[in-house]
Protein chains: 2
Amino acid sequence: MILDERKRHILESVIKDYVATAEPVGSRAVVRKHALNISAATVRNEMADLEDMGYLEQPHTSAGRIPSEKGFRYYVDCMMENENPSDEQIEVLHKILEDSIQEWNDVVQGIGHFLSQVTNYASFIIVPSVKFSQFQSLQLIPIQEGQALVLVVTDIGIIMHRKISIPRSIKARDLQAIGDLFNRAFRGKRLSEVQRSDLQSLRDELKNRRQVIDKSLEALDNLLDSPHDEKVVISGALNILKEPEFKDMDKLRRILTLFEEDGPLKGVLPEQIKEGVDIRIGQENQAEDIKEMSLVFAGYRTAGEMGKIGLIGPVRMEYWKAAGTVESVRRIIDDLMNNSGSDPKLFKK
Amino acid sequence: MILDERKRHILESVIKDYVATAEPVGSRAVVRKHALNISAATVRNEMADLEDMGYLEQPHTSAGRIPSEKGFRYYVDCMMENENPSDEQIEVLHKILEDSIQEWNDVVQGIGHFLSQVTNYASFIIVPSVKFSQFQSLQLIPIQEGQALVLVVTDIGIIMHRKISIPRSIKARDLQAIGDLFNRAFRGKRLSEVQRSDLQSLRDELKNRRQVIDKSLEALDNLLDSPHDEKVVISGALNILKEPEFKDMDKLRRILTLFEEDGPLKGVLPEQIKEGVDIRIGQENQAEDIKEMSLVFAGYRTAGEMGKIGLIGPVRMEYWKAAGTVESVRRIIDDLMNNSGSDPKLFKK
DNA sequence: ATTAGCACTCAAGACGAGAGAGTGCTAACA
DNA sequence: TGTTAGCACTCTCTCGTCTTGAGTGCTAAT
């Protein structure tokens with residue numbers, strides 16, 4: 001559907017005003033604030049048209065108009081220009097990242113903070129499961145009488161460990177031998193490909209050191225399991241308290257519950273994620289819980305898998321700013337991941 | 001101040017009713033619900049006395065009474081009997097703990113969940129800084145060309161690590177030698193006692209391997225620094241949405257902000273913590289932000305240092321239940337820490 | 001010392017009037 | 001034919017007033 005210039009201008013005015021004030025905007029307000037050379041009456045006619053087309057709606061007959069979700073969608077698709085964060089803000093982000101470069105955890109935290117701070121919406125970051133990175137080495141390290149550490153290093157330098165208890169008869173050199181065995185078997189495989197059957201054949205090979213092997217396998221199994229699934233980091237959840245649409249306690253509760261645990265949020269995002277910034281407005285979202293919110297998100301690539309970053313806000317959202325910020329941050333993450341290979345970052349669950 | 005039996009009974013009735021309903025309770029309600037053999041008029045007289053003494057107050061002249069903070073304090077100090085969680089609930093907790101025994105992180109999470117679930121208040125757990133545990137060993141482990149892992153193990157089995165880059169000329173056996181050196185110097189010391197001066201003298205001793213030493217020291221320094229400070233875990237923060245006293249957005253915001261980051265909450269608790277369950281009611285709290293809330297908390301002992309667990313709720317709180325639950329959980333944690341020494345838990349930041 | 005009775009107080013909810021913002025329609029105009 | 005001014009109409013929001021009801025304090029009787 002193509003709108004003529006004037007209608008587009010009016011739609012934009014209504015959106016900008018409504019996003020800023022959360023109140024319906026009337027014809028007078030449009031001519032006053034946006035200095036069109038037409039009268040309020042004309043605007044009214046145009047607005048009535050826009051309403052017929054579904055881009056605007058009226059809360060009640062004698063109120064101003066507010067943009068419908070379809071209106072927002074049209075604006076986002078056909079008119080919007082992203083507003084990128086200022087140079088100073090980008091500067092700040094870089095500083096944060098440099099300061100925390102040692103700890104992947106802190107990096108993620110820092111990015112989340114930045115996103116929510118700059119935009120005033122709740123931000124989320126989904127770090128892809130470690131399962132998809134490649135096995136690089138496994139070491140068994142004695143740490144005290146009767147205990148050893150199973151240390152797994154992946155290709156991108158993620159370190160994972162589990163403690164196991166071992167018989168006292170096992171010496172350091174035995175542990176090393178066992179470790180080497182694992183390495184020969186698994187090096188270069190994806191963690192998700194390390195099947196139990198592999199583990200089984202390995203076990204048969206080494207009956208005499210069965211106990212250590214068993215425990216190591218168990219630990220490995222455990223590492224690959226649940227807790228190292230995708231990680232979700234949420235920041236600035238309380239920003240939604242600022243939005244007048246959530247003055248209602250029930251709504252508020254439902255939304256905040258989404259943020260309190262990791263699971264629900266994951267369910268809300270599409271599994272497959274397209275290139276660039278994606279925007280889901282209100283009802284466009286699949287999940288019931290989030291049909292009165294909007295998402296602005298993007299994927300970033302790390303170690304072959306996709307992670308996700310994004311913002312959650314009310315339908316009445318500053319999409320231009322949100323999209324600009326998400327896109328900028330996505331680019332910075334990509335740089336960080338793929339470019340600074342010299343000293344791969346230290347990961348830590 | 002000693003109250004006679006009847007006044008105590010009335011005070012208790014008012015407290016129980018008010019805690020349950022969040023509404024002022026009148027004289028009629030007291031006689032009706034608590035079946036005293038006295039008339040409403042008598043109760044009114046007694047209530048007027050209790051008000052004079054400061055144990056009750058009236059929101060306005062023609063409303064019922066609500067307990068003052070002093071009233072709650074009297075009840076807590078002189079009348080309250082703790083209500084412990086049911087056997088089934090304790091059973092559930094034990095099950096949670098067994099399931100997650102591998103990961104200290106999960107244990108803490110589980111306990112937090114339990115506390116907030118059972119009581120319907122927000123719970124917090126403060127895990128003491130790792131600085132206070134004793135240094136047991138440091139190892140330098142080659143993980144790939146030009147990179148090594150500094151691995152620190154403490155007496156209670158907390159594992160910390162940092163990656164460093166090393167010159168390619170350094171061999172595995174060199175790393176081991178350097179590690180041994182550290183061990184001789186530090187074994188048995190508290191991490192907080194490992195001073196930079198020690199590190200310095202160590203460095204002088206080994207000019208030739210300076211680079212590795214430097215990096216290791218840096219890593220160690222880093223490990224002892226900020227991120228491994230006390231850790232705060234909060235659970236069930238959204239429970240406060242249920243309380244009618246926080247229907248006001250501003251209040252709500254202030255409180256939830258306390259929970260969103262770790263820092264503020266720490267500031268709210270007393271540094272030194274006495275034996276047993278401690279209760280801070282409303283204004284008794286030092287920190288401004290929390291003067292309209294109550295705290296019920298206790299310390300637990302781990303590796304020589306004190307950790308803290310507790311609940312945050314409105315002044316109108318079920319202190320009996322909160323105190324009983326906190327005390328029970330504290331005891332369970334103590335058992336877990338000091339008793340099951342056979343397989344010290346795996347810590348992980 | 002306790003109680004019944006009664007007048008009094010105050011918050012909260014219902015109701016209605018008035019103001020204000022905005023619309024839709026009509027008729028005039030370029 | 002598109003634009004505009006004018007005007008009646010609609011609906012929400014805000015006050016102020018009234019009413020209701022719960023609960024008190026006081027007094028006098030037991």
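The sequence lines fix the lettering, A, B, ..., with proteins before strands; numbering per chain opens at 1.
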Full working for side-chain contact (heavy atoms from CB on, under 4.5 Å) between A:K308 and A:R330
CA-CA 9 Å; A:K308 296 162 194 161; A:R330 188 198 62 71; over 6 Å; no

Starting at atom CD1 of B:I38, determine the distance to atom P of C:dT3, rounded to an integer number of angstrom.
7 Å

Does a side-chain N-to-carboxylate-O contact under 4.0 Å join B:R331 and B:E327?
yes

In whole angstrom, give the distance that lies between atom CD of A:E23 and atom P of D:dT12.
14 Å

Does any non-hydrogen side-chain atom of A:F246 lie less than 4.5 Å from one of A:M293?
yes

Which pairs of donor and acceptor atoms, one on a side chain in residues 309-320 of chain A, lie under 3.5 Å apart (sequence neighbours left out)?
residue, atom, partner, partner atom, Å
A:R316, NE, A:E245, OE1, 3.0
A:R316, NE, A:E245, OE2, 3.2
A:R316, NH1, A:V19, O, 2.5
A:R316, NH2, A:E243, OE1, 2.7
A:R316, NH2, A:E245, OE2, 2.7
A:Y319, OH, A:S294, OG, 2.6
A:Y319, OH, A:V315, O, 2.6

Rounded interatomic separation in angstrom, taking CD from B:E46 and C1' from D:dG23:
18 Å

Can you give each donor-acceptor pair under 3.5 Å made by side-chain atoms of residues 22-31 of chain B, sequence neighbours left out, with the distance rounded to 0.1 Å?
residue, atom, partner, partner atom, Å
B:S27, OG, B:R44, NH1, 3.3

C:dT2 P sits how many Å from B:K7 NZ, rounded?
9 Å

Walk along nucleotides 8-30 of chain C from 5' to 3' and tag each nucleotide B, S or - by protein heavy-atom contact under 4.0 Å, base first, then sugar-phosphate.
-BBS----------SBB------

Does the side-chain contact (heavy atoms from CB on, under 4.5 Å) test come out yes or no for B:L11 and B:M79, once each step is laid out?
CA-CA 10 Å; B:L11 176 59; B:M79 301 172 62; 4.3 Å; yes

